[in-house]
Amino acid sequence: MTPRLFVVSAPSGTGKTTIVKRLVEENPGVSLAVSHTTRPPREQEQDQRDYYFVSDTAFDEIRGYDGFLEHADVFGNRYGTSRREVNEKLASGRQVILEIDWQGAEQVRRAKPDAQCIFLLPPSRDELEKRLRGRNTDKPEVVERRFSEARHDVRKWTDFHYVLVNDDIDETCRRMSKILKGDGAQYAVSDERHRARVEELIGAGDW
């Protein structure tokens, strides 16, 4: 496969981290670009595996010499993707995945117009709320904020090349693998039949 850059974005609680980890595990030649973040590690997270956990000073230093391909403030913490890491992995012949929010995806599209951007959606508003409350990783006020912003984030799907509804992890991984292999045209935002199904989902309920 020709080395390409893929961006995976989703509202908080949609399951993108689980999906991306499985894609990397199940697809030889696919590599995750690990992000930098200023937030503290959660239980069982490891530095350089899940994130590069850095101080605000270190983050500012990298940003100062344009070391980030993209960066964004999310829920009071900062996240950024190393430009050098992405370029080195692409040069080695690997497919590279970035797991970032829609703000970062916009920056990547400007910097690397050939990047393929995939948006994941939850199967319903109620399921999204259930997932956010069931994670038990955030304080109640943070959960409320995540849910409120997620309801706004779902509207960003039209800015991406592909859109998938994560109602089944196995099926979503299968569809994502097809996109990575260049065989995912049926999930393209430009496909009017697929677009109509997604619009019906987003239009249902009080999003």
Side-chain angles (χ1 to χ4, degrees), residues 1-35 44-45 49-51 70 81 85-86 89-90 92-102 104-105 108-109 112 114-132 134-135 137 146 150 153-205 207:
M1 293 185 291
T2 302
R4 301 193 73 174
L5 178 61
F6 292 87
V7 174
V8 179
S9 300
S12 182
T14 302
K16 68 179 181 298
T17 298
T18 300
I19 297 297
V20 168
K21 283 184 176 179
R22 280 192 52 175
L23 280 173
V24 172
E25 291 170 357
E26 296 174 0
N27 292 272
V30 176
S31 181
L32 174 66
V34 179
S35 297
Q44 298 184 339
E45 285 185 332
R49 184 196 68 181
D50 299 288
Y51 288 97
E70 60 81 30
T81 302
E85 179 174 350
V86 170
K89 288 184 174 181
L90 288 172
S92 72
R94 302 181 69 81
Q95 305 276 54
V96 180
I97 297 179
L98 304 185
E99 180 199 332
I100 57 179
D101 75 342
W102 64 266
V108 172
R109 285 196 296 270
K112 292 187 175 292
D114 291 338
Q116 297 295 291
C117 299
I118 307 165
F119 199 77
L120 296 180
L121 288 166
S124 69
R125 175 184 182 275
D126 290 343
E127 179 62 23
L128 175 63
E129 185 174 13
K130 178 181 175 182
R131 291 178 185 179
L132 284 172
R135 295 197 308 186
T137 57
R146 285 184 182 275
D153 292 350
V154 296
R155 302 293 179 182
K156 296 294 181 179
W157 70 274
T158 54
D159 295 335
F160 288 70
H161 299 103
Y162 302 93
V163 59
L164 296 173
V165 178
N166 183 25
D167 50 5
D168 179 271
I169 290 178
D170 292 336
E171 183 63 20
T172 301
C173 285
R174 185 187 70 80
R175 293 171 178 174
M176 289 273 281
S177 293
K178 292 185 70 174
I179 293 173
L180 265 60
K181 295 172 183 176
D183 189 30
Q186 61 187 305
Y187 311 117
V189 171
S190 58
D191 185 313
E192 290 299 327
R193 293 168 300 176
H194 188 57
R195 188 182 182 96
R197 288 195 296 269
V198 175
E199 288 177 339
E200 182 178 2
L201 167 68
I202 298 300
W207 280 97

Ion pair check, D191 and R193, cut-off under 4.0 Å: yes

Tightest non-hydrogen contact, residues V24 and S31, listed as CG2-C, 4.4 Å

Would you compute the distance between atom CG of N27 and atom CG of L180 and round it to the nearest 0.5 angstrom? 6.5 Å

Distance-only donor-acceptor check, side chains N166 and T14, under 3.5 Å: no

Looking only at heavy atoms, the pair that brings V34 and R49 closest together is CG2-O, 3.8 Å

Find the distance between OH (Y162) and NZ (K178) and round it off to the nearest 0.5 Å. 11.5 Å

Output for pair (T17 OG1, E99 CD), nearest 0.5 Å, gives 3.5 Å

Can you tell me how far the CD atom of E171 sits from the SG atom of C173, to the nearest 0.5 Å? 10.0 Å

If you measure from CD1 on I97 to CD on Q116, what distance do you get to the nearest 0.5 Å? 12.5 Å

Quick check: closest heavy atoms across L120 and T172, and the distance to 0.1 Å? CD2-CG2, 4.0 Å

K21 side chain reached by D50 side chain, heavy atoms, under 4.5 Å: yes

If we only count heavy atoms from C-beta on, is the C117 to R109 side-chain gap below 4.5 Å? yes

Would you call K16-D101 a salt bridge at under 4.0 Å N-O? no

N/O donor-acceptor pair under 3.5 Å between Q95 side chain and R4 backbone: yes

Residue pair E70 / G104: nearest heavy atoms and the distance that separates them: OE1-CA, 3.2 Å

Does any part of the side chain of V86, heavy atoms only, come nearer than 4.5 Å to the side chain of L5, both counted from C-beta? yes

Does some side-chain heavy atom of F119 sit less than 4.5 Å from a side-chain heavy atom of V189? no

Got a second to check how far D170's CG is from I19's CD1, nearest 0.5 Å? 8.5 Å

What's the shortest heavy-atom distance between S92 and R94, and which atoms? OG-CG, 3.3 Å

Going by heavy atoms in the side chains, are I179 and Y187 under 4.5 Å from each other? yes

Please tell me if the side chains of R22 and M176 come closer than 4.5 Å, counting only heavy atoms from C-beta onward. no

Please report the shortest heavy-atom distance between I100 and S9, naming the atom on each side. O-OG, 2.8 Å

